[in-house]
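Heads up: the structure comes next, in structure tokens.
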Protein chains: 2
Amino acid sequence: MAADWSNELRTKNLKATPNRVVVLETIAGNNAAMAYSKIQSDLSQLDRVTLYRTLNSLVDNGLIHKVLVEENEAFYATCSSNCSSEEHHHQHVHFRCTNCKEVTCVSSQPINQLEIPGYLVQNFEIQATGVCNLCL
Amino acid sequence: MAADWSNELRTKNLKATPNRVVVLETIAGNNAAMAYSKIQSDLSQLDRVTLYRTLNSLVDNGLIHKVLVEENEAFYATCSSNCSSEEHHHQHVHFRCTNCKEVTCVSSQPINQLEIPGYLVQNFEIQATGVCNLCL
DNA sequence: TATTAAATGCAACATTGTTGCATTTAATAT
DNA sequence: ATATTAAATGCAACAATGTTGCATTTAATA
Ligand SMILES: [Mn+2]
Ligand SMILES: [Mn+2]
Ligand SMILES: [Zn+2]
Ligand SMILES: [Zn+2]
């Protein structure tokens, strides 16, 4: 959603390189979470290793977050809330539609804190599958 | 929990082969969910491809379930409830301890159904991270 | 014991992810 | 503007993960 990714990057103490900006623009330009393979094919001119390092760096610094929905296909989406290298806060559901296969961040409702007796819960994430609003 | 995996396999219309039984025993013998790499090293005499096919088959037929907690490391645990090839029901939390790195299925509390307006939620899963009861 | 569809082992392949290192570049100071 | 420097990049090489095809073996059934 942020317009100026360069400033956003510098805020997180990351160098605002053209590679990083185009990766952020690509992910943010997708309405759903974006599969790694799609990012790679959309940015085929970008070195594969650099893309991996860029994605890891952006996740580590709270600019994007990673969603694992199925084996060997990671999805990425920009962070909406104020995430940092310290912690990601994603009080929303990652919904995967079994029909259109899209993975969307559903932030319609705030998720209340999860309590597990005897455990210290520091972070949690809900992954749901079913049929999305567009496919119903 | 099941003692006789051979019968369990036949119930699901799967041939009760020694390979499948030993894979089930291995996973069930681990108190936490078991990383793929650990299963493989524990059963090093078993062909790698056969192990992949066995795990997929057991997941597909509701004997074990797969937990994705971090990239490129799938974890497996036996199904406690009555899962089938039709659907897996896991109304429990998959908890990953940041200290001991164990992944456990926490079924202390029944999870109420997840409601998302405009969406048909068919299944959902909660993944939490923090410090487990043993490490606190 | 015979039959047969499923399971297995092996080879070959494809994808995903990592590491080392020389070169380039963004940010900062001069 | 220019110099400095730590970070980022591109490339090669490697390691791990996962898939497919096919000949052989085997569990289940007749
Ligand atoms: Mn998210
Ligand atoms: Mn579980
Ligand atoms: Zn859909
Ligand atoms: Zn622990």
Side-chain angles (χ1 to χ4, degrees), chain A residues 4-27 33-64 66-76 85 101 103, chain B residues 4-27 33-64 66-76 85 101 103:
Chain A
D4 192 348
W5 288 114
S6 297
N7 275 336
E8 205 71 28
L9 283 161
R10 294 192 193 95
T11 302
K12 306 283 185 176
N13 294 314
L14 288 177
K15 286 188 179 178
T17 68
N19 280 340
R20 285 175 175 163
V21 171
V22 75
V23 167
L24 282 166
E25 284 173 347
T26 301
I27 295 174
M34 202 170 179
Y36 166 75
S37 56
K38 179 121 204 310
I39 303 173
Q40 189 180 328
S41 62
D42 279 16
L43 302 176
S44 52
Q45 79 288 357
L46 179 60
D47 181 74
R48 204 170 56 86
V49 176
T50 302
L51 177 54
Y52 274 115
R53 288 196 269 228
T54 299
L55 290 170
N56 287 340
S57 177
L58 296 178
V59 168
D60 288 346
N61 291 276
L63 281 160
I64 64 175
K66 185 176 191 171
V67 186
L68 294 172
V69 284
E70 200 119 4
E71 98 192 85
N72 71 7
E73 186 73 294
F75 284 70
Y76 295 91
S85 57
K101 314 293 181 193
V103 177
Chain B
D4 192 348
W5 288 113
S6 296
N7 275 336
E8 205 71 27
L9 283 161
R10 294 192 193 95
T11 302
K12 306 284 186 175
N13 295 316
L14 288 177
K15 286 190 180 178
T17 68
N19 279 341
R20 284 174 176 164
V21 171
V22 74
V23 168
L24 283 167
E25 283 173 347
T26 301
I27 295 174
M34 203 169 177
Y36 165 76
S37 56
K38 179 119 201 316
I39 303 173
Q40 189 180 330
S41 61
D42 279 16
L43 302 175
S44 52
Q45 81 287 356
L46 179 60
D47 181 72
R48 204 169 57 86
V49 176
T50 303
L51 177 55
Y52 274 115
R53 289 196 270 227
T54 300
L55 290 171
N56 287 339
S57 177
L58 296 178
V59 169
D60 288 348
N61 291 276
L63 281 160
I64 63 174
K66 185 178 192 169
V67 186
L68 293 171
V69 285
E70 199 118 6
E71 97 192 87
N72 71 7
E73 185 74 293
F75 284 69
Y76 294 91
S85 56
K101 314 294 181 193
V103 177

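Chain naming here is simple, since letters A, B, ... match the order of the sequence lines and numbering starts at 1 in each. Remember, predicted model here, so these are calculated numbers, not experimental data.
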(Q) Any base atoms under 4.0 Å from B:Arg20, or only sugar-phosphate, or nothing? Heavy atoms, all strands. (A)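 Result for B:Arg20 = sugar-phosphate.
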Q: Remember a base hit wins even if backbone is also touched, and classify A:Ser57 as base, sugar-phosphate or nothing at under 4.0 Å, heavy atoms.
A: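 Since no nucleic acid heavy atom lies under 4.0 Å of A:Ser57, the category is nothing.
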Nearest whole angstrom, please: distance from the [atom2] of [N] to the [atom1] of [X].
| X | N | atom1 | atom2 | answer |
| --- | --- | --- | --- | --- |
| B:Leu68 | C:dT16 | CG | C1' | 15 Å |
| B:Lys15 | C:dT8 | NZ | C1' | 11 Å |
| A:Asn56 | D:dT9 | CG | P | 12 Å |
| A:Tyr36 | C:dT18 | OH | P | 10 Å |
| B:Tyr52 | C:dG9 | OH | C1' | 16 Å |
| A:Leu55 | D:dT9 | CG | C1' | 15 Å |
| A:Asn7 | C:dA26 | CG | C1' | 14 Å |

Q. Dot-bracket for DNA chain C, 5' to 3', counting Watson-Crick or G-U wobble pairs under 3.5 Å, with [ ] for crossing pairs and | for inter-strand pairs?
A. ||||||||||||||||||||||||||||||
Q. Quick one: does A:Arg53 reach the base of C:dG17 with a side-chain donor-acceptor pair under 3.5 Å?
A.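 Per atom types, no contact qualifies.
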Q: Ignoring hydrogens and angles, tell me if any N or O in the side chain of A:Thr54 forms a donor-acceptor pair with the backbone of A:Thr50 under 3.5 Å.
A: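 Present.
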Q: Report yes or no: does B:Asp47 contribute a side-chain atom to a donor-acceptor pair with the main-chain N or O of B:Val49 at less than 3.5 Å?
A: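 Side chain of B:Asp47 to backbone of B:Val49, a donor-acceptor pair under 3.5 Å: yes, one is there.
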Q: Work out which heavy atom in B:Leu9 is nearest to a heavy atom in B:Lys15; give both atom names and the distance.
A: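 Heavy atoms of B:Leu9 and B:Lys15 come nearest at CD1-O, 4.3 Å.
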**Q.** Toward the 5' end of DNA chain D, by each residue's nearest nucleotide, B:Gln40 or B:Arg10
**A.**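 Looking at DNA chain D, the more 5' nearest nucleotide goes with B:Gln40.
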Please state whether the phosphate of [N], meaning OP1 or OP2, lies under 4.0 angstrom from any side-chain nitrogen or oxygen of [X].
| X | N | answer |
| --- | --- | --- |
| B:Thr17 | C:dT8 | yes |
| A:Ser37 | C:dT16 | no |
| B:Asn19 | C:dA7 | no |
| A:Asn13 | D:dA7 | no |

Q: Enumerate the residues from residues 41-51 of chain A whose closest heavy atom to DNA chain D is under 4.0 Å, giving them by residue number; use none for an empty result.
A: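 Under 4.0 Å from DNA chain D: A:Leu46, A:Asp47, A:Val49, A:Thr50.
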(Q) Using the salt bridge (Lys or Arg N to Asp or Glu O under 4.0 Å) criterion, which residues pair with A:Asp60? Sequence neighbours excluded. (A)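 With neighbours one apart ignored, the set is empty.
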